[in-house]
Q: 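A single structure is presented below for examination.
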There are 2 protein chains.
Amino acid sequence: MEAEQADTHPVATASRKRLPRAERERQILEVAEEVFATRGYQTTSMDDIAQRVGLSKPMLYEYFGSKDGLLLACLERARRELLESTTAAAANAVGPEQLLHDGLLAFFRFSDEHRQAWALLRNESTVPSLPVNSELESIRSQQVEFTADMLRLSLPNMNEERLEAFAEAIIGACERLAMWRERRPEITPEVATEHLMALVSPSLTTA
Amino acid sequence: MEAEQADTHPVATASRKRLPRAERERQILEVAEEVFATRGYQTTSMDDIAQRVGLSKPMLYEYFGSKDGLLLACLERARRELLESTTAAAANAVGPEQLLHDGLLAFFRFSDEHRQAWALLRNESTVPSLPVNSELESIRSQQVEFTADMLRLSLPNMNEERLEAFAEAIIGACERLAMWRERRPEITPEVATEHLMALVSPSLTTA
DNA sequence: TTCAGTAGGTTACTACCGGTAAGTTATGTG
DNA sequence: CACATAACTTACCGGTAGTAACCTACTGAA
């Protein structure tokens, strides 16, 4: 009804044209990730996003099915990026100790450089949607499994249950430390990694 | 429109009377905690809760102000209970090592015995409500500060930043392990505590 | 050149839920 | 027995997820 909000310009200038589906989808995803991450999922309406893209709501439903579906698409992209970052780091590590170190560092760097993606992942069960929750759960499993694999290299003799516990605990510690870093900007990814290594590595080298 | 849901009986039988405010509030809180914990905050409507209590929606607003206010009241109760549990455990511990052990054990026991309360606390920023989020944040700070105090006893010489990092990391580990336990019912609070102690205690005793 | 098929896009609705205004009834007390 | 008031209800509003039905610009063949 009333005029457009002051700061929600219809993304860029040239978007007042029909665009091929693939390109629109990328555009929508970009806007959605930003706005979900900064204003929150619940607070954001589909009309908000549509308006920011310079489009009408039904197109979002045409391409992503539902609001959950749109978030899901954002999460899937974030998962890919996170996996790439951590596996790349693991690829050129030397020993088992170094492997864990580099994996942790890659995680903290990810939460640093992809703040929006991290903000989406950090939210637990914001959404009452089964697909979204199982996606979040599966992202976590991915990380836990990744960590467990590293631990298996360091501690080939440890029983499986304890190994699982260690992996879960380390992932939990990572998440909290990443959130801690949001309040303490002077803590670099390197420093955070060092703190966490100081906490866990003694129990890995001795056993 | 359609009939009432099969299983949403108007709580107990005798509630078809005017009750004094204090008693109704307790009743509402009980129902709200259960239904928020099991079906989730977003999924639950105020009419749902009202119907389960055997009451009409405006009474909930009369007593709790808003949906967030109702959740907030649940959280405040959960915080009290958690604080009681952990401080009680800390009271009769002997050394610094034992102190940490008993604190962790109390936490896992809490998440075991007060499942609904824990389910509420576990949810990160489910709600776009500032009061709710700051309550959750303050509950966490409480736990972190509690842990930091314990660590200070074990490690009086450690620099403050690392100590904070350790406390955050341990709380994160606790949370993840508590969630892990939900999928692994055979893991008792004692066993979980032992795993976590195995991970962190080497770095505490040596330094 | 034209014109049908379709991908891209919109308007205008419904259903549901958080929240509220205004009114109604039970109940304890002078 | 008033009657004040605490306990409670009905009936509404605004906003948002989701949908139906319709429109329109572009493409490629006849």
Side-chain angles (χ1 to χ4, degrees), chain A residues 1-2 4-5 8 10-11 14-29 31-32 35-36 39-74 126-132, chain B residues 1-2 4-5 8 10-11 14-29 31-32 35-36 39-74 126-132:
Chain A
M1 295 308 173
E2 61 289 353
E4 67 293 345
Q5 288 92 312
T8 61
V11 92
S15 71
R16 274 300 170 202
K17 262 195 65 178
R18 275 161 137 87
L19 290 183
R21 174 163 183 156
E23 195 169 340
R24 267 288 190 240
E25 281 181 345
R26 271 199 308 276
Q27 210 179 86
I28 293 169
L29 274 181
V31 170
V35 69
F36 281 155
R39 304 196 357 177
Y41 177 80
Q42 299 292 343
T43 322
T44 304
S45 76
M46 290 296 265
D47 278 318
D48 281 347
I49 297 173
Q51 193 190 350
R52 275 178 143 93
V53 177
L55 210 59
S56 68
K57 188 171 56 169
M59 289 309 293
L60 307 188
Y61 284 91
E62 178 72 20
Y63 289 164
F64 296 97
S66 66
K67 195 183 179 187
D68 294 345
L70 182 51
L71 177 60
L72 198 60
C74 294
T126 303
V127 196
S129 147
L130 186 60
V132 168
Chain B
M1 299 308 171
E2 59 290 354
E4 67 292 344
Q5 290 92 312
T8 62
V11 91
S15 71
R16 271 299 168 202
K17 261 195 65 177
R18 275 162 139 85
L19 290 184
R21 174 163 183 156
E23 196 169 340
R24 268 288 189 240
E25 282 182 346
R26 272 200 307 275
Q27 208 177 87
I28 293 169
L29 274 180
V31 171
V35 68
F36 281 155
R39 304 196 355 176
Y41 178 80
Q42 299 292 343
T43 322
T44 304
S45 76
M46 290 297 265
D47 278 317
D48 281 347
I49 297 173
Q51 194 192 347
R52 275 179 144 92
V53 177
L55 212 58
S56 68
K57 188 171 57 167
M59 289 308 294
L60 308 188
Y61 284 92
E62 178 72 21
Y63 290 163
F64 296 97
S66 66
K67 195 184 179 187
D68 294 345
L70 182 52
L71 177 60
L72 199 59
C74 294
T126 303
V127 196
S129 147
L130 186 61
V132 168

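Note: hydrogens, waters and symmetry copies are ignored here, and every other heavy atom, side chains too, is used. Please read all numbers here as calculations on a predicted model, not as lab measurements. Each chain gets a letter, A, B and so on, in the order its sequence line appears, and its residues count up from 1.
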Q: Select one nucleotide: of D:dT9, C:dT27, C:dG8, the one nearest the side-chain heavy atoms of A:Arg21.
A: C:dG8
Q: Whole angstroms only, please: what is the CD-P distance between B:Glu25 and D:dC8?
A: 11 Å
Q: Rounded to whole Å, how long is the line connecting atom OH of B:Tyr63 with atom P of D:dA6?
A: 10 Å
Q: On DNA chain D, nearest-nucleotide positions of B:Ala22 versus B:Lys57: which is more 5'?
A: B:Ala22
Q: Give the rounded distance in Å between these two atoms: CG of A:Asp48 and P of D:dT16.
A: 7 Å
Q: From the options C:dT27, C:dT11, D:dC8, select the nucleotide whose nearest atom is closest to the side chain of B:Lys17.
A: C:dT27
Q: Just by modelled atom types, is the B:Leu70 backbone N or O under 3.5 Å from a matching donor or acceptor in the B:Tyr63 side chain?
A: no
Q: Mind checking the CG-CG spacing from A:Leu130 to A:Asp68? Nearest 0.5 Å is all I need.
A: 10.0 Å
Q: Looking for any heavy atom pair under 4.0 Å, which part of the strands does B:Met59 touch: base, sugar-phosphate only, or nothing?
A: base
Q: Could you check which of C:dG9, D:dG18, D:dA7 has an atom nearest any side-chain atom of A:Lys67?
A: D:dG18
Q: Which nucleotide in the list C:dT27, D:dT10, C:dT11 gets nearest to the side chain of A:Ser56?
A: C:dT11
Q: Among C:dT27, D:dA17, D:dT24, find the nucleotide with the atom closest to the side chain of A:Arg18.
A: D:dT24
Q: What integer distance in Å separates A:Glu62:CD from D:dG18:C1'?
A: 13 Å
Q: Can you tell me the distance, in whole Å, between the CD1 atom of A:Ile49 and the P atom of D:dT16?
A: 12 Å
Q: Does a side-chain N or O of B:Arg24 approach OP1 or OP2 of D:dC8 to a distance below 4.0 Å, or not?
A: yes
Q: May I ask you to say what B:Phe64 touches in the nucleic acid, namely base, sugar-phosphate or nothing, with a heavy-atom cut-off under 4.0 Å?
A: nothing
Q: Given the ring of A:Phe36, does A:Lys67 sit roughly above its face, with NZ or CZ under 6.0 Å from the centre of the six-membered ring and within 45° of the axis?
A: no
Q: Quick check: closest heavy atoms across A:Lys57 and A:Ala50, and the distance to 0.1 Å?
A: N-CB, 3.6 Å
Q: What's the closest nucleotide to the A:Ser66 side chain, out of D:dA20, D:dA17, D:dG18?
A: D:dG18
Q: Between D:dA17, C:dG9, D:dC8, which one does the side chain of A:Ser45 approach most closely?
A: D:dA17
Q: Find the distance B:Leu60:CG to C:dG19:C1' and express it as a whole number of Å.
A: 12 Å
Q: For B:Met46 and D:dG14, give me the distance from atom CE to atom P, rounded to whole Å.
A: 20 Å
Q: Might you point out which heavy atoms bring B:Pro131 and B:Leu72 nearest each other, and give the distance in Å?
A: O-CD1, 3.7 Å
Q: Can you identify which nucleotide, out of D:dC8, D:dA17, C:dG18, has its nearest atom closest to the A:Tyr61 side chain?
A: D:dA17
Q: Would you mind reading off the distance between A:Leu19 atom CG and C:dT6 atom P, rounded to a whole angstrom?
A: 22 Å
Q: Atom OG in B:Ser129, atom OH in B:Tyr41: separation rounded to 0.5 Å?
A: 6.5 Å
Q: With sugar-phosphate meaning primed atoms plus P, OP1 and OP2, does B:Thr43 contact a base, only sugar-phosphate, or nothing at under 4.0 Å between heavy atoms?
A: nothing
